[in-house]
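Beneath this line is the structure, given in structure tokens, with notes to follow.
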Amino acid sequence: MSEAQEPKVNEQMEKIVSLCKRRGFVFQSSEIYGGINGFWDYGPLGAELKRNVKDRWWRSMTQQRDDVVGLDASIIMHPKIWEASGHTATFSDPMVDCLLTKKRFRADQIEPQSGTIYHFTGAKDEGNGKASSEAYSVLVATGKHPEHARKIAKQFYLGRGLTAPELLGERTEEEVNSTRFNPENGSLLTEARPFNLMFKTFVGPVESADNTAFLRPETAQAIFAQFKNVLDVSRQKVPFGICQIGKAFRNEINPRNFTFRSREFEQMELEFFIKPDEIAVKSAPEADVTPGQPQPNWGWSEWHKYWVDERIKWYASIGLDQDCLDFYWQKKEELAHYAKATVDILYKFPFGTQELEGIAARGNFDLTQHQKFSGKSMEYFDEEDKSRYLPHVIEPSAGVDRLVLALICHAYNEETVTDDKGKSETRVVMKFHPRVAPIKVGVFPLLKNRPEIVKKAMEVRDLLRPHMTVFYDEAGAIGRRYRRQDEAGTPFGVTIDFDTLGEKPELLDTVTLRDRDSMQQTRVKISELVPMLLEKIR
RNA sequence: GCGGGUGUAGCUUAGUGGUAAAGUUCCAGCCUUCCAAGCUGGCCAUGUGGGUUCGAUUCCCAUCACCCGCUCCA
């Protein structure tokens, strides 16, 4: 991104945030109390949009498949779950800051150093008479020049408001394998402070270490924990999947980019359990390969590719084509310890290309861990292959809120329209795919002071309402009503006029159907409206 | 968490140590035969808490939120 483009990028997001508030897509949480950092609410239109996204995901993931079933687990679970998953350990890393540069490090990742520590008790300033009694130390690695310590210390006191610091109380000390100093410049670090990325709470009215619990930082673990129960009741055979939509919570250090990184967010996750490669590959019958169709004996690599492909198709089905997405195959060294491969699906947001979904091949790490920590067998008995094993897993995991934000950014369009008199103005239009649009159709009587037209318009509204979200509006000029729906992203507008009532007999019981994107109008029979619109929103 | 910036109506902006202004949106009414028309009327604001002051939206301090950069990011 070039510097010249940056203001435009900010401007674009500001316009989007402003529209979100103006039209009721997204509000700041607790706004009347000044807001709360990292939390957002969905207004009327946002709630519909988000619901549509989740409904479509749920339908495509489980309702339209034989091999995936759903789960809706509790947010607070037994704390051992997070010990087994590794979150307790890795979500509470102690962090340290460099006192000079303010750079932050994970305390356990500081490389131990040996050398001479130079301690100072403070500094005074000959120029302006100021002084600092703050103690400070610098570690000079073995073999380095001692003057380096004084240089760093002077910089430190310069940062404390002194202009020409004279160092006080210098003394030295030999040190071996210390992790209290910044390896890059030798500066003293702050004391290690724990960073708890999991929200903590207490189960029951008494606060104690015994009843500490956590709000889940991801939905996936519930699926692994309930793997056996689901298997027992669903009559599924490996390969099969369990999917779930639900809230997760992370106490992010620094929420940013509108709703993109929030502390409370919703995930849509599938854990798809497959045979370990050694079983799948050995039993694969040669002739049983139908291109494009999932095969029970695929190895993890084929299943992983399959799910990447399925997910890309799904994004296209709600209006996010490949040209607005980016794909990133994580490199070996970037992979989480449990993952064999991960593909990120990214969207080109105005503030940068950012992840919407990760599709990970997780091996059998999670089931292994839960088997170990719970003492309960997580093994699956495969009748067909006559073997007992821990299934491996492919995990497509998507963030609902970031996807909704992507849809909003993608939909936002400004167009210059010119009217009959040659006057041009800007039209803001949210071009949501009709499948996710919050409101599917606006119904308008051309004039509200003609009771026959109003009555007919209400009939049309009632005809459409059982099938889709309808917004009825009779206030103001018709053009104004169209534009209002443009900003809401309503793909269709239906207007009832004098011809509907039979002013031209051949047009009796017809209406104008206005297309949001092209602003073109077509004459349609009322009786044809429902099937015609359903075809576009289904 | 650090540094910088910004907080006045739903939105965009004005302004002042002494009654807070406008456009737009929104609501109501009239009018109106297809793309933000017109007329009339109406609602709505100084982020929060302290301090200075006779009096603070204005000055000072703190705090909160948002934006940018760093940091962090399963």
Side-chain angles (χ1 to χ4, degrees), chain A residues 6-7 9-11 13-15 17-24 27-40 43 85-87 90-91 93 95-106 159 190 193 195 197 217-218 220-221 248 250-258 260-261 267 330 334-339 342 344 351 354-355 358 360 362 365 395 397 417-421 423 425-429 444-450 453 475-487 493-501 503 511-514 516 519-521 523:
Chain A
E6 266 179 57
V9 164
N10 297 344
E11 209 179 295
M13 267 324 281
E14 275 170 27
K15 283 177 178 171
V17 171
S18 170
L19 179 129
C20 280
K21 174 157 195 210
R22 186 169 74 242
R23 288 296 169 186
F27 302 128
Q28 226 182 338
S29 168
S30 323
E31 199 199 65
I32 60 168
Y33 291 102
I36 178 164
N37 189 290
F39 298 90
W40 301 90
S85 69
H87 285 80
T90 60
F91 258 36
D93 296 324
M95 306 293 283
V96 293
D97 298 315
C98 172
L99 283 169
L100 184 65
T101 63
K102 309 290 184 199
K103 188 170 172 176
R104 171 160 297 157
F105 302 88
R106 265 174 62 174
T190 59
R193 288 171 292 192
F195 270 63
L197 262 46
E218 64 171 37
Q221 293 307 320
R250 285 183 200 175
N251 215 342
E252 295 285 351
I253 294 167
N254 192 0
R256 272 294 163 86
N257 290 326
F258 199 28
F260 184 83
R261 182 176 295 144
Q267 293 184 304
Q330 285 190 15
E334 294 169 334
L335 290 172
H337 53 95
Y338 50 72
T342 298
D344 291 336
F351 49 80
Q354 301 278 345
E355 183 185 344
R362 284 173 82 113
F365 172 80
E395 179 198 76
S397 168
V417 290
T418 310
D419 66 14
D420 301 342
K421 295 149 205 143
K423 201 181 94 187
E425 61 187 6
T426 303
R427 177 175 86 122
V428 174
V429 52
F444 315 114
L446 185 62
L447 297 174
K448 76 166 168 181
N449 59 357
R450 299 290 198 284
I453 290 185
I478 189 70
R480 176 183 295 270
R481 284 178 270 165
Y482 287 150
R483 293 298 172 79
R484 267 201 282 252
Q485 292 308 308
D486 286 345
E487 278 205 345
V494 168
T495 302
I496 288 79
D497 59 16
F498 292 90
D499 288 335
T500 312
L501 302 176
E503 195 168 274
V511 293
T512 51
L513 180 64
R514 183 244 192 196
R516 173 195 64 199
M519 300 202 294
Q520 295 298 308
Q521 302 188 342
R523 202 75 199 175

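Because the structure is a prediction, the values reported are computed rather than measured. Lettering of chains follows the sequences in order, A, B, ..., and the numbering in each one begins at 1.
Set against B:rA65, B:rC34, B:rA36, the side chain of A:Gln28 has B:rA65 as its closest nucleotide.
Taking atom P on both nucleotides, B:rG51 is separated from B:rC39 by 49 Å, rounded to a whole Å. Spacing of C1' atoms, B:rG15 relative to B:rA56, comes out at 15 Å, to the nearest Å. One C1' atom belongs to B:rC59, the other to B:rU52, and the distance between them is 8 Å to the nearest Å. Taking the C1' atom of each, B:rC54 and B:rC64 are spaced 31 Å apart, rounded to whole Å. Taking atom P in both B:rU13 and B:rU53, the straight-line distance is 36 Å, to the nearest Å. Comparing the same atom, P, in B:rG17 and in B:rU57 gives a spacing of 13 Å after rounding to whole Å. For the C1' atoms, the distance linking B:rU25 with B:rU12 amounts to 11 Å, nearest Å. Across B:rU48 and B:rG7, the matching P atoms stand 15 Å from one another, rounded to whole Å.
Counting non-hydrogen atoms under 4.0 angstrom, A:Glu395 reaches nothing in the nucleic acid. Counting any heavy atom pair closer than 4.0 Å across all strands shown, A:Glu252 reaches no nucleic acid atom. Here A:Arg484 lies in heavy-atom contact (under 4.0 Å) with sugar-phosphate atoms only. Looking at heavy-atom distances under 4.0 Å, A:Phe444 makes no contact with the nucleic acid at all. Across all strands shown, A:Asn37 has heavy atoms under 4.0 Å from sugar-phosphate atoms exclusively, and none from any base. Nucleic acid contact for A:Gly43: none, since no nucleic acid atom lies under 4.0 Å from a heavy atom of the residue.
Across all strands shown, B:rC73 has no partner, as no Watson-Crick or G-U wobble contact with both distances under 3.5 Å is found. Pairing of B:rU19, defined by two Watson-Crick or G-U wobble distances under 3.5 Å, is not identified with any nucleotide. For B:rA28, the paired base is B:rU40 (Watson-Crick or G-U wobble, both distances below 3.5 Å). Across every strand in view, B:rG49 sits in a pair with B:rC61 that passes the Watson-Crick or G-U test at under 3.5 angstrom. For B:rU33, there is no paired nucleotide, since no Watson-Crick or G-U wobble pair has both relevant distances below 3.5 Å.
A donor N or O paired with an acceptor N or O is found under 3.5 Å between the base of B:rC35 and the side-chain atoms of A:Arg514. For B:rC34, its base sits under 3.5 Å from the side chain of A:Thr512 at one donor and acceptor pair at least. Side chain A:Tyr482 to base B:rC34: a donor-acceptor pair is found below 3.5 Å.
Rounded to an integer number of Å, the gap from CG of A:Asn449 to P of B:rC30 is 8 Å. Rounded to whole Å, the distance from CG on A:Asn254 to P on B:rC72 is 12 Å. Residue A:Ile478 contributes atom CD1, which lies 12 Å from atom C1' of B:rA36 at whole-angstrom precision. The distance between atom CD of A:Glu14 and atom P of B:rG7, rounded to the nearest whole Å, is 12 Å. Atom CG of A:Leu447 and atom P of B:rC35 are 12 Å apart (whole Å). Distance, A:Lys21 NZ to B:rC11 C1': 9 Å, rounded to whole Å. For A:Arg450 and B:rC30, the CZ to P distance is 12 Å, given to the nearest whole Å. The distance from atom CG of A:Asn251 to atom C1' of B:rC72 is 13 Å, rounded to the nearest whole Å.
The nearest pair of heavy atoms linking A:Asp497 to A:Ile453 is C-CD1, 4.0 Å.
Under 4.0 angstrom from either OP1 or OP2 of B:rU25 there lies at least one side-chain N or O belonging to A:Arg480. For B:rG29, one of the phosphate oxygens OP1 or OP2 lies less than 4.0 angstrom from a side-chain nitrogen or oxygen of A:Lys448.
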Next on the checklist: Between A:Phe351 and A:Phe260, is the ring pair (Phe, Tyr, Trp, His ring centres under 6.0 Å) condition met? List the steps.
Outcome noted: CA-CA 10 Å; A:Phe351 49 80; A:Phe260 184 83; 5.8 Å; yes
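Between the side-chain ring of A:Phe498 and the base of B:rU33, a stacking contact exists by the 5.5 Å and 30° definition.
A 4.5 Å side-chain heavy-atom check between A:Leu446 and A:Ile478 finds at least one atom pair inside the cut-off.
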